[in-house]
Amino acid sequence: MAAHPLIAPSLLAADFSRLRDEVTAIERAGADWLHLDVMDGHFVPNITFGPLVVRALRPHTRLPLDAHLMIAPADPYVAAFAEAGADHISVHSEAGPHLHRTLQLIRSLGKKAGVVLNPATPIEAVVNVLDLADLIMVMTVNPGFGGQAFLASQLPKISALRRLIDDSGRDIILQVDGGVTHQTVPAILAAGATCLIAGTAVYGAADYAAAIAALRAGGR
Ligand code: DX5
Ligand code: ZN
């Protein structure tokens, strides 16, 4: 698919004692977006940060902030993330009973809206809300932690979503999150993803710019 996918490094793998420096460094290194993993210790078995951290980082980068909400319920916090400066707000289809309403809410705040599918979640979860989706994110690990092994079982789902998006004629970005490395990227791109989210493969590298360039070049 896309010869030059968007690269969205995940701050989850950064040095949390130096968040501002880590954000400015990744922008200098050529990242397209900054991916922000928000976890609540309830929807996923880990806790990270909330809108206060997003707000604190916002003035220090021009990168679009790609907020991945692993929280349930999500609706009561969407406005706070929007006001904090998130540009994209993505929610899991399981985060609440009214995904359609959540996407409407995100868009009503002028933000791009995304739907995230867990490994066990079928593509049908998004079929009837395609008109409200700007982004669809396929989890290729179970959400909650960085550094996990890529689930190749999700590749057919990425391909199926590629076809669904193409058939819709809508300009929806297809993201892949979890275990994205130079080894797994060729198969991910072949399946049709257009945005690669990578924590360990970028922030765990000695040279952020080289790591980003290698992902963008398709893992070579
Ligand atoms: C996991 C997060 C991912 C995570 C990916 O719940 O959604 O964004 O940072 O980390 P890696 O790239 O290390 O698998
Ligand atoms: Zn994420």
Side-chain angles (χ1 to χ4, degrees), residues 5-16 19 22-23 26 29 31-51 53-54 57 63-72 74 77 81 86-95 106 111-121 133-155 157-158 173-189 193-206 208 210-212 214-216 219:
L6 294 164
I7 308 299
S10 167
L11 196 66
L12 187 64
D15 178 349
F16 271 41
L19 283 183
E22 290 281 61
V23 168
I26 219 66
D32 294 296
W33 298 350
L34 180 66
H35 184 78
L36 298 172
D37 287 304
V38 177
M39 306 186 189
D40 68 352
H42 165 75
F43 183 72
V44 291
N46 199 2
I47 300 176
T48 55
F49 52 79
V53 170
V54 178
L57 294 175
L63 294 179
L65 299 181
D66 185 50
H68 175 190
L69 303 191
M70 287 163 272
I71 66 175
Y77 303 99
F81 283 99
D87 298 284
H88 315 151
I89 300 177
S90 294
V91 298
H92 281 252
S93 60
E94 297 88 352
I106 295 167
K111 308 299 183 178
K112 290 194 188 303
V115 180
V116 192
L117 304 181
N118 274 330
T121 306
D134 299 294
L135 313 144
I136 299 174
M137 189 189 308
V138 176
M139 292 308 303
T140 42
V141 297
N142 281 301
F145 302 94
Q148 301 181 82
F150 179 78
L151 297 172
S153 61
Q154 301 304 300
L155 287 168
K157 187 157 84 184
I158 300 167
I173 292 175
L174 182 54
Q175 303 178 282
V176 171
D177 188 10
V180 174
T181 67
H182 308 116
Q183 287 73 42
T184 57
V185 158
I188 294 167
L189 293 180
T194 52
C195 175
L196 303 172
I197 297 162
T200 311
V202 175
Y203 274 112
Y208 296 170
I212 289 170
L215 290 174
R216 191 176 280 127

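Just follow the structure's listing: the first ligand is 1, and inside any ligand the first atom is 1.
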Visitor: With distance as the sole test, does T184 use its side chain to make a donor-acceptor pair with the main-chain N or O of G179 at under 3.5 Å?
Guide: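 Side chain of T184 to backbone of G179, a donor-acceptor pair under 3.5 Å: yes, one is there.
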Visitor: Verify, without hydrogens or angle tests, whether T194 (side chain) and L174 (backbone) share a donor-acceptor contact under 3.5 angstrom.
Guide: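 Side chain of T194 to backbone of L174, a donor-acceptor pair under 3.5 Å: yes, one is there.
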Visitor: When you check the space around the Zn ion (ligand 2), which protein N, O or S atoms turn up under 2.8 Å?
Guide: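 You should have found H35 NE2, D37 OD1, H68 ND1, D177 OD2.
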Visitor: Kindly assign one of parallel, tilted or perpendicular to the pair Y208 and Y203, based on the angle between their ring planes and the thresholds 30° and 60°.
Guide: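 Rings of Y208 and Y203: perpendicular, as their planes differ by over 60°.
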Visitor: How would you list, by chain and number, the residues with a heavy atom under 4.0 angstrom from ligand 1?
Guide: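 Near ligand 1, by chain and number: S10, L12, H35, D37, M39, H68, M70, M139, P143, G144, F145, G146, G147, D177, G178, G179, I197, A198, G199, T200.
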Visitor: Is it true that R216 and D32 have a side-chain N and a carboxylate O under 4.0 angstrom from each other?
Guide: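 Salt bridge flag = yes for D32 with R216.
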Visitor: If every non-hydrogen atom of L196 is compared with every non-hydrogen atom of P5, which pair is closest and at what distance?
Guide: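 What the structure gives for the nearest pair is CD1-CG, 3.8 Å.
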Visitor: Under a 3.5 Å distance rule, please check whether K111 uses its side chain to pair with a backbone N or O of F81 as donor and acceptor.
Guide: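 Judged by distance alone, no pair lies under 3.5 Å.
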Visitor: Could you give the distance from CD1 (I7) to CH2 (W33), rounded to the nearest 0.5 Å?
Guide: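 The CH2 atom of W33 is 11.0 Å from CD1 of I7, to the nearest 0.5 Å.
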Visitor: Angle class for the H35/H68 ring planes (parallel below 30°, perpendicular above 60°, tilted otherwise)?
Guide: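 If you compare the ring of H35 with that of H68, the planes turn out tilted.
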Visitor: Determine yes or no for a side-chain-to-main-chain donor-acceptor pair under 3.5 angstrom, with D40 supplying the side chain and H42 the backbone.
Guide: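 Such a contact is found between D40 side chain and H42 backbone.
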